[in-house]
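Numbering of ligands and ligand atoms starts at 1, following listing order. Throughout, numbering of the chain's residues begins at 1 and tracks the sequence.
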Amino acid sequence: MRRVYLDNNATTPVAPEVFEAMRPYWLEDYGNASSIHWYGQRAKAAVEEAREQVARLINARAQEIVFTSGGTESDNAALVGVVEATSAAGHRAPHVVISAVEHHAVLHTARALAQRGVRVTTVPADARGRVDPADVARVLRPETVLISVMYANNELGTIQPLEEIGRLARERGVLFHSDAVQAVGKIPVDVERLGVDLLSLSAHKLYGPKGVGALYVRKGTALRPLLHGGHSERDRRPGTENVPGIVGFGKAAELAWAALPDEAVRIASLRDHFERELLCRVPGVAANGDREHRLPNTSNLAFEGVEGEEFAIAADLRGIACSTGAACSSGSVTPSHVLIAIGKTEDQARSSLRFSLGRFTTSEDIDYALEVLPEVVGQLRGVGYAAAS
Ligand code: PLP
């Protein structure tokens, strides 16, 4: 049976070039990047090259990149790090602003901070998943120390007006963090243009290995480290560096940099064809999210009268991998907080599926999906279904 992977927002395969770049750092150049001998220096040089490659992808300076264990750690490090640094500087009741459509890595970190007495305000998103910068402006207070708004949403693909929020943050003297885990590698990301002080990245969303990521920290930003230990990453993130992972991340960043923007155009045209055809072939389907401000690879569709989990299982049995809501919440019965935040009913949220294309998606894959998915929907709806619209 043919297998088609349409879940690239959950994770991507490691690119063959990335795998090859990592190989020597498992087998031969296995030194600890902190060691002074030849082995250590080989590892250190490789880490520093990767730092340059990752920095180039987001128009940052190499010294502003801190390697972490992934997007979740980067988000935690940004939120907790800013709050702790400002508390240490005398702010007794710091205030943090986040959006309602953040990934759990931000949402639950903010919740944990709230339990420690930090004031947290959650700004809403509109029906298409966009945050209004005016809503952010309205909730800022003298005690606000951080605004955290993601660049692109993992479920909808909706892209936020970061430049406007960045300008606002600068005018009001508030630090600005963005979880750009889903944006980096898919659309151009430029920390100068966006006006961010902190930005989270994750290698496994851009054909790099799992368990490695980075936090961009603008020079001069006060940040308390999340972890305590040795002196690696210039005292910003202790722990022996994951050298093969970091090397793979660097290579993945280099490949993404070279592929953008042509790759984005190719994927968007495949995605648009997929969406147009599915909407045309299957009655009672609606697209969720913003069609204009959207990642090129993501399509989130509500199938009236279909239960999302059942759909995902039935599609998988026919070889098609897609996702209900965030991958991280698959298996849980609660509907996606993102779809609820944009005003969908629980039924609409439960009937929604995310299809996310990637570098290795071909037009044959899409043809196969377009052949199989209408059959899957028909089978799940059974006889007697009549679309309400
Ligand atoms: N932020 C967003 C928007 C994500 O989509 C994800 C992963 O799904 C994460 C953070 C977490 O990244 P990681 O899996 O590297 O911890």
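A salt bridge is defined here as a Lys NZ or Arg NE, NH1 or NH2 lying under 4.0 Å from an Asp or Glu carboxylate O, and E28 with R42 fails to meet this definition.
Residues E102 and S99 have side chains that bring a donor and an acceptor to within less than 3.5 angstrom of each other.
Remark: distances from the non-hydrogen atoms of E102 to ligand 1 are all 4.0 Å or more.
With Y30 as the partner, the ring pair (Phe, Tyr, Trp, His ring centres under 6.0 Å) test is satisfied by one option alone out of W38, Y25, Y39: Y39.
Atoms of ligand 1 found under 4.0 Å from any heavy atom of S202 (numbered from 1 in listed order, with element): 13 (P), 15 (O). Annotation for ligand 1: atoms under 4.0 Å from non-hydrogen atoms of N154 are 3 (C), 5 (O). Each of the atoms 15 (O) of ligand 1 lies under 4.0 Å from some heavy atom of G70. Those atoms of ligand 1 that come under 4.0 Å of a heavy atom in Q182, given as number and element, are 3 (C), 4 (C), 5 (O). For ligand 1, the atoms sitting less than 4.0 Å from at least one non-hydrogen atom of H204 are 13 (P), 14 (O), 15 (O), numbered in the order shown with element in parentheses. Contact atoms of ligand 1 toward M150: 3 (C) (distance under 4.0 Å to a heavy atom of the residue).
Listed by chain and number, the hydrophobic cluster partners of Y5 come to none, as no ILVMFWY side chain reaches under 4.5 Å of it.
Distances between N or O atoms of G71 and those of ligand 1 include at least one value under 3.5 Å. Any N or O atom pair closer than 3.5 Å counts here, and T72 shares at least one such pair with ligand 1. Between D179 and ligand 1, a contact under 3.5 Å exists for at least one N or O pair.
Of the heavy atoms in K205, only side-chain atoms (C-beta onward) come closer than 4.0 Å to ligand 1. Counting heavy atoms closer than 4.0 Å to ligand 1, residue N153 contributes nothing at all.
The aromatic rings of H104 and H108 sit parallel, their planes meeting at an angle under 30°, below the 60° perpendicular limit.
The list of ring pair (Phe, Tyr, Trp, His ring centres under 6.0 Å) pairs with a residue in residues 167-207, not counting sequence neighbours, reads Y207-F360.
Comparing heavy-atom distances from atom 4 (C) of ligand 1 across K210, H103, E155 singles out H103 as nearest.
Of the possible donor and acceptor atoms, one in the side chain of Q160 sits under 3.5 Å from a partner among the backbone N and O of G129.
Residue H231 places its NE2 atom among 12 or fewer non-hydrogen atoms of other residues, nucleotides or ligands, all under 6.0 Å distant.
Residue R193 holds its CZ atom at 4.5 Å from CD of E163, rounded to the nearest 0.5 Å.
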